[in-house]
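Step one of this worksheet: look at the structure below.
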Amino acid sequence: MTPRVLVLVVLSIGLIGSADFFGGIASKRSSPFTVAALSQWVGVPVITVVALLEGGAMIARDAQLGLLAGVGSALGVVVMYRGFSVASVGVVAPIASTVGAMLPIVVGLATGERPSALVATGLVFGVASVLLVGYVRGQARLSIRGVAHGIVAGSGFAAMVVIYAATSEASGLTAAVSGRISAATLATLAMVAVGAPRRVSRTAVKPAVLSGVFAGVGMGFFVSASQVGELVVVGVAVAMFPVVTVILAALFLDERLVRSQWAGVALAASAVAMISVG
(Lines give C-alpha, C1' and ligand atoms only; values in the text may rest on other atoms or scores of the structure.)
Protein backbone atom coordinates (compact mmCIF):
# COMPACT_ATOMS: atom_id res chain seq x y z
CA MET A 1 0.00 0.00 0.00
CA THR A 2 1.33 3.43 -0.89
CA PRO A 3 1.72 6.01 1.90
CA ARG A 4 -1.04 8.12 0.34
CA VAL A 5 -3.58 5.29 0.35
CA LEU A 6 -2.59 4.36 3.92
CA VAL A 7 -3.21 7.92 5.14
CA LEU A 8 -6.56 8.11 3.33
CA VAL A 9 -7.69 4.75 4.73
CA VAL A 10 -6.63 5.54 8.31
CA LEU A 11 -8.29 8.97 8.22
CA SER A 12 -11.51 7.53 6.83
CA ILE A 13 -11.58 4.81 9.51
CA GLY A 14 -11.00 7.34 12.29
CA LEU A 15 -13.50 9.94 11.08
CA ILE A 16 -16.35 7.62 10.07
CA GLY A 17 -15.84 5.52 13.19
CA SER A 18 -16.14 8.78 15.20
CA ALA A 19 -19.27 9.69 13.23
CA ASP A 20 -20.84 6.37 14.20
CA PHE A 21 -19.93 7.05 17.84
CA PHE A 22 -21.77 10.39 17.87
CA GLY A 23 -24.60 8.93 15.81
CA GLY A 24 -25.01 6.18 18.40
CA ILE A 25 -25.23 8.76 21.19
CA ALA A 26 -27.86 10.73 19.27
CA SER A 27 -29.84 7.58 18.48
CA LYS A 28 -30.18 6.83 22.19
CA ARG A 29 -31.76 10.24 22.69
CA SER A 30 -34.01 10.37 19.63
CA SER A 31 -35.34 8.20 16.79
CA PRO A 32 -32.41 6.58 14.93
CA PHE A 33 -34.20 7.11 11.61
CA THR A 34 -34.54 10.85 12.28
CA VAL A 35 -30.93 11.03 13.45
CA ALA A 36 -29.78 9.22 10.30
CA ALA A 37 -31.67 11.63 8.05
CA LEU A 38 -30.39 14.74 9.85
CA SER A 39 -26.77 13.60 9.95
CA GLN A 40 -26.87 12.66 6.25
CA TRP A 41 -28.15 16.12 5.27
CA VAL A 42 -25.56 17.83 7.50
CA GLY A 43 -22.92 15.89 5.57
CA VAL A 44 -24.08 17.27 2.20
CA PRO A 45 -22.65 20.82 2.54
CA VAL A 46 -19.61 19.45 4.37
CA ILE A 47 -18.64 17.04 1.60
CA THR A 48 -19.47 19.70 -1.00
CA VAL A 49 -16.95 22.10 0.53
CA VAL A 50 -14.35 19.32 0.75
CA ALA A 51 -15.02 18.46 -2.90
CA LEU A 52 -14.54 22.07 -4.00
CA LEU A 53 -11.24 22.26 -2.12
CA GLU A 54 -10.14 18.95 -3.66
CA GLY A 55 -10.96 20.05 -7.19
CA GLY A 56 -11.61 17.72 -10.09
CA ALA A 57 -13.71 17.67 -13.21
CA MET A 58 -17.49 17.30 -13.23
CA ILE A 59 -17.93 13.91 -14.91
CA ALA A 60 -21.57 12.91 -15.42
CA ARG A 61 -20.83 9.18 -15.27
CA ASP A 62 -19.16 9.48 -11.87
CA ALA A 63 -22.00 11.64 -10.54
CA GLN A 64 -24.44 8.92 -11.60
CA LEU A 65 -22.32 6.23 -9.99
CA GLY A 66 -22.32 8.33 -6.82
CA LEU A 67 -26.11 8.31 -6.79
CA LEU A 68 -26.05 4.51 -6.96
CA ALA A 69 -23.43 4.32 -4.22
CA GLY A 70 -25.68 6.50 -2.07
CA VAL A 71 -28.47 3.98 -2.52
CA GLY A 72 -26.18 1.24 -1.21
CA SER A 73 -25.11 3.42 1.71
CA ALA A 74 -28.70 4.31 2.64
CA LEU A 75 -29.80 0.68 2.32
CA GLY A 76 -27.01 -0.40 4.63
CA VAL A 77 -27.79 2.23 7.28
CA VAL A 78 -31.57 1.82 7.22
CA VAL A 79 -31.52 -1.99 7.27
CA MET A 80 -28.87 -2.01 10.00
CA TYR A 81 -30.95 0.34 12.17
CA ARG A 82 -33.98 -1.82 11.50
CA GLY A 83 -31.94 -4.86 12.50
CA PHE A 84 -30.95 -3.18 15.76
CA SER A 85 -34.65 -2.82 16.61
CA VAL A 86 -35.58 -6.47 16.01
CA ALA A 87 -32.37 -8.34 16.90
CA SER A 88 -29.13 -8.05 18.83
CA VAL A 89 -26.67 -5.30 17.89
CA GLY A 90 -23.89 -7.79 18.65
CA VAL A 91 -25.17 -9.99 15.82
CA VAL A 92 -26.27 -7.45 13.20
CA ALA A 93 -23.28 -5.07 13.38
CA PRO A 94 -20.39 -7.56 13.02
CA ILE A 95 -22.18 -9.50 10.28
CA ALA A 96 -22.91 -6.30 8.36
CA SER A 97 -19.28 -5.18 8.70
CA THR A 98 -17.91 -8.58 7.68
CA VAL A 99 -20.15 -8.89 4.61
CA GLY A 100 -19.33 -5.28 3.73
CA ALA A 101 -15.65 -6.22 3.70
CA MET A 102 -15.77 -9.68 2.16
CA LEU A 103 -17.75 -8.83 -0.98
CA PRO A 104 -15.33 -6.09 -2.14
CA ILE A 105 -12.45 -8.48 -1.43
CA VAL A 106 -14.10 -11.10 -3.64
CA VAL A 107 -14.68 -8.55 -6.41
CA GLY A 108 -11.09 -7.32 -6.11
CA LEU A 109 -9.67 -10.82 -6.38
CA ALA A 110 -12.00 -11.62 -9.29
CA THR A 111 -10.76 -8.57 -11.19
CA GLY A 112 -7.11 -9.49 -10.79
CA GLU A 113 -5.96 -7.87 -7.54
CA ARG A 114 -3.34 -10.01 -5.83
CA PRO A 115 -2.29 -8.76 -2.37
CA SER A 116 0.98 -9.99 -0.89
CA ALA A 117 0.96 -12.69 1.78
CA LEU A 118 1.52 -10.08 4.50
CA VAL A 119 -1.34 -7.88 3.27
CA ALA A 120 -3.60 -10.93 2.94
CA THR A 121 -2.84 -11.85 6.56
CA GLY A 122 -3.61 -8.28 7.58
CA LEU A 123 -6.96 -8.48 5.79
CA VAL A 124 -7.86 -11.64 7.70
CA PHE A 125 -6.82 -9.98 10.96
CA GLY A 126 -8.94 -6.94 10.09
CA VAL A 127 -12.10 -8.97 9.52
CA ALA A 128 -11.45 -11.05 12.65
CA SER A 129 -10.98 -7.87 14.71
CA VAL A 130 -14.49 -6.72 13.78
CA LEU A 131 -16.05 -9.99 14.89
CA LEU A 132 -14.19 -9.88 18.22
CA VAL A 133 -15.00 -6.22 18.89
CA GLY A 134 -18.64 -6.41 17.86
CA TYR A 135 -19.73 -9.73 19.31
CA VAL A 136 -19.83 -10.13 23.08
CA ARG A 137 -20.65 -13.64 24.26
CA GLY A 138 -23.74 -13.77 26.42
CA GLN A 139 -24.98 -10.38 25.25
CA ALA A 140 -25.83 -11.23 21.66
CA ARG A 141 -28.53 -13.72 20.82
CA LEU A 142 -28.24 -15.31 17.39
CA SER A 143 -31.43 -15.18 15.32
CA ILE A 144 -32.39 -15.65 11.68
CA ARG A 145 -33.73 -12.09 11.50
CA GLY A 146 -30.52 -10.69 12.95
CA VAL A 147 -28.37 -12.62 10.48
CA ALA A 148 -30.61 -11.64 7.55
CA HIS A 149 -30.55 -7.95 8.43
CA GLY A 150 -26.78 -8.09 8.84
CA ILE A 151 -26.29 -9.70 5.43
CA VAL A 152 -28.57 -7.22 3.63
CA ALA A 153 -27.02 -4.22 5.37
CA GLY A 154 -23.51 -5.47 4.63
CA SER A 155 -24.42 -6.00 0.99
CA GLY A 156 -25.52 -2.38 0.78
CA PHE A 157 -22.22 -1.17 2.24
CA ALA A 158 -20.30 -3.52 -0.08
CA ALA A 159 -22.14 -2.15 -3.12
CA MET A 160 -21.19 1.36 -2.02
CA VAL A 161 -17.50 0.40 -1.83
CA VAL A 162 -17.44 -1.32 -5.23
CA ILE A 163 -19.31 1.49 -6.98
CA TYR A 164 -17.13 4.27 -5.55
CA ALA A 165 -14.07 2.29 -6.63
CA ALA A 166 -15.39 2.42 -10.20
CA THR A 167 -15.25 6.24 -10.27
CA SER A 168 -12.26 8.06 -11.71
CA GLU A 169 -9.70 10.03 -9.74
CA ALA A 170 -10.03 12.84 -12.30
CA SER A 171 -13.55 13.61 -11.08
CA GLY A 172 -12.37 14.26 -7.54
CA LEU A 173 -15.20 13.93 -5.02
CA THR A 174 -18.07 14.46 -7.47
CA ALA A 175 -19.36 10.96 -6.69
CA ALA A 176 -19.10 11.58 -2.95
CA VAL A 177 -21.34 14.65 -3.21
CA SER A 178 -24.02 12.98 -5.33
CA GLY A 179 -23.79 9.89 -3.14
CA ARG A 180 -24.40 11.88 0.03
CA ILE A 181 -27.39 13.65 -1.53
CA SER A 182 -28.82 10.30 -2.64
CA ALA A 183 -28.29 8.71 0.77
CA ALA A 184 -29.80 11.70 2.60
CA THR A 185 -32.88 11.65 0.38
CA LEU A 186 -33.46 7.93 0.89
CA ALA A 187 -32.84 8.20 4.65
CA THR A 188 -35.49 10.92 4.79
CA LEU A 189 -37.95 8.75 2.86
CA ALA A 190 -37.26 5.90 5.29
CA MET A 191 -37.89 8.25 8.22
CA VAL A 192 -41.27 9.22 6.76
CA ALA A 193 -42.14 5.61 5.87
CA VAL A 194 -41.70 4.33 9.43
CA GLY A 195 -43.52 7.32 10.91
CA ALA A 196 -40.51 8.60 12.86
CA PRO A 197 -40.59 12.14 14.32
CA ARG A 198 -39.59 14.85 11.86
CA ARG A 199 -37.22 16.47 14.38
CA VAL A 200 -34.62 15.07 16.73
CA SER A 201 -34.82 15.86 20.42
CA ARG A 202 -32.90 18.90 21.66
CA THR A 203 -30.29 16.78 23.43
CA ALA A 204 -29.64 14.80 20.24
CA VAL A 205 -29.00 17.76 17.94
CA LYS A 206 -25.32 18.30 18.79
CA PRO A 207 -24.17 14.68 18.49
CA ALA A 208 -26.26 14.22 15.32
CA VAL A 209 -24.65 17.28 13.73
CA LEU A 210 -21.17 16.15 14.78
CA SER A 211 -21.92 12.75 13.27
CA GLY A 212 -22.82 14.40 9.96
CA VAL A 213 -19.70 16.57 9.93
CA PHE A 214 -17.31 13.72 10.72
CA ALA A 215 -19.03 11.42 8.23
CA GLY A 216 -18.95 14.07 5.51
CA VAL A 217 -15.21 14.66 5.79
CA GLY A 218 -14.50 10.98 6.37
CA MET A 219 -16.45 9.98 3.28
CA GLY A 220 -14.30 12.34 1.24
CA PHE A 221 -11.15 10.52 2.37
CA PHE A 222 -12.85 7.17 1.83
CA VAL A 223 -13.92 7.88 -1.75
CA SER A 224 -10.42 9.14 -2.58
CA ALA A 225 -8.96 5.94 -1.11
CA SER A 226 -11.37 3.79 -3.12
CA GLN A 227 -10.35 5.55 -6.35
CA VAL A 228 -6.63 4.92 -5.95
CA GLY A 229 -6.41 1.91 -3.62
CA GLU A 230 -7.13 -1.78 -4.05
CA LEU A 231 -10.66 -3.02 -3.33
CA VAL A 232 -9.33 -5.76 -1.06
CA VAL A 233 -7.80 -3.11 1.20
CA VAL A 234 -10.52 -0.46 1.06
CA GLY A 235 -13.17 -3.07 1.75
CA VAL A 236 -11.59 -3.96 5.06
CA ALA A 237 -11.50 -0.25 5.95
CA VAL A 238 -15.31 -0.29 5.91
CA ALA A 239 -15.36 -3.24 8.30
CA MET A 240 -13.01 -1.56 10.76
CA PHE A 241 -15.12 1.56 11.39
CA PRO A 242 -16.82 -0.10 14.43
CA VAL A 243 -13.44 -0.67 16.09
CA VAL A 244 -12.97 3.09 16.45
CA THR A 245 -16.55 3.48 17.68
CA VAL A 246 -16.06 0.88 20.42
CA ILE A 247 -12.75 2.43 21.53
CA LEU A 248 -14.36 5.88 21.83
CA ALA A 249 -17.24 4.41 23.81
CA ALA A 250 -14.74 2.86 26.23
CA LEU A 251 -12.83 6.14 26.59
CA PHE A 252 -15.70 8.60 26.92
CA LEU A 253 -18.78 6.59 27.95
CA ASP A 254 -17.09 4.29 30.46
CA GLU A 255 -18.23 1.23 28.54
CA ARG A 256 -15.94 -1.56 29.65
CA LEU A 257 -14.41 -3.79 27.02
CA VAL A 258 -14.22 -7.53 27.69
CA ARG A 259 -11.07 -9.50 26.87
CA SER A 260 -12.29 -10.57 23.45
CA GLN A 261 -12.91 -6.94 22.49
CA TRP A 262 -9.42 -5.91 23.60
CA ALA A 263 -8.08 -8.79 21.51
CA GLY A 264 -10.06 -7.39 18.58
CA VAL A 265 -8.54 -3.94 19.07
CA ALA A 266 -5.06 -5.50 19.11
CA LEU A 267 -5.84 -7.43 15.92
CA ALA A 268 -7.09 -4.24 14.25
CA ALA A 269 -3.83 -2.46 15.06
CA SER A 270 -1.87 -5.44 13.74
CA ALA A 271 -3.97 -5.49 10.57
CA VAL A 272 -3.23 -1.83 9.82
CA ALA A 273 0.49 -2.41 10.42
CA MET A 274 0.62 -5.48 8.16
CA ILE A 275 -1.33 -3.84 5.35
CA SER A 276 0.80 -0.70 5.47
CA VAL A 277 4.10 -2.62 5.43
CA GLY A 278 2.92 -5.11 2.81
Side-chain angles (χ1 to χ4, degrees), residues 12-43 46 73-100 129-136 139-141 146 149-150 153-154 156-157 160 180 183-184 187-188 190-191 194 196-197 199-219 222 237-258 260-262 264-265 268:
S12 66
I13 292 174
L15 287 168
I16 298 179
S18 298
D20 290 344
F21 168 72
F22 286 110
I25 292 176
S27 295
K28 291 181 180 180
R29 301 174 181 176
S30 191
S31 166
F33 290 95
T34 311
V35 169
L38 173 60
S39 62
Q40 292 281 355
W41 281 114
V42 168
V46 173
S73 175
L75 174 66
V77 171
V78 170
V79 173
M80 189 164 66
Y81 277 138
R82 170 62 179 168
F84 290 165
S85 69
V86 300
S88 171
V89 174
V91 171
V92 179
I95 289 178
S97 297
T98 303
V99 172
S129 72
V130 177
L131 295 174
L132 287 172
V133 168
Y135 186 89
V136 179
Q139 297 181 15
R141 186 176 181 181
H149 279 80
F157 293 136
M160 176 195 71
R180 181 60 53 169
T188 302
M191 177 191 74
V194 301
R199 295 182 179 180
V200 299
S201 63
R202 182 174 299 178
T203 57
V205 172
K206 185 176 180 179
V209 170
L210 286 173
S211 175
V213 171
F214 279 113
V217 179
M219 187 55 66
F222 175 77
V238 175
M240 293 177 68
F241 296 154
V243 176
V244 174
T245 306
V246 168
I247 292 174
L248 290 176
L251 291 174
F252 298 104
L253 299 181
D254 293 326
E255 294 187 5
R256 294 184 178 180
L257 302 186
V258 299
S260 61
Q261 288 179 302
W262 280 117
V265 171

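Small disclaimer: the values here were computed from a predicted structure and weren't measured.
Listed by first then second residue, pairs satisfying salt bridge (Lys or Arg N to Asp or Glu O under 4.0 Å) with a partner in residues 16-30 read Lys28-Glu255, not counting sequence neighbours.
Contacts of Leu15 classified as side-chain contact (heavy atoms from CB on, under 4.5 Å), with partners at least two apart in sequence or in another chain: Phe214, Val217, Phe221. Thr34 is linked by a side-chain contact (heavy atoms from CB on, under 4.5 Å) to Ser31, Met191, Ala196, Pro197, Val200, counting only residues two or more places apart in sequence or in another chain. Qualifying side-chain contact (heavy atoms from CB on, under 4.5 Å) partners for Val78, counting only residues two or more places apart in sequence or in other chains: Phe33, Ala190. With sequence neighbours excluded, no residue forms a salt bridge (charged side-chain N to carboxylate O under 4.0 Å, His left out) with Lys206. Listed by chain and residue number, nothing satisfies the side chain to side chain donor-acceptor pair (under 3.5 Å) test with Ser30 (two or more places apart in sequence, or in another chain).
Distance OG1/Thr188 to CH2/Trp41: 5.5 Å, rounded to 0.5 Å. Phe252 CZ to Ile25 CD1: the interatomic distance, rounded to the nearest 0.5 Å, is 9.5 Å. Rounded to the nearest 0.5 Å, atoms OG (Ser39) and CG (Leu210) are 11.0 Å apart. Once rounded to the nearest 0.5 Å, the distance linking CE of Met219 with CZ of Arg180 reads 5.0 Å.
For the pair Phe157 and Leu75, the minimum side-chain heavy-atom distance is 4.5 Å or more.
Residues Val46 and Val213 approach most closely at CG1-O, 3.8 Å, considering heavy atoms. Residues Ser18 and Val244 come closest through the heavy atom pair N-CG1, 4.0 Å. In terms of heavy atoms, Ala208 sits closest to Val35 at CB-CG1, 4.2 Å.
With Ser12 contributing its side chain and Phe222 its backbone, the two residues share no donor-acceptor pair below 3.5 Å.
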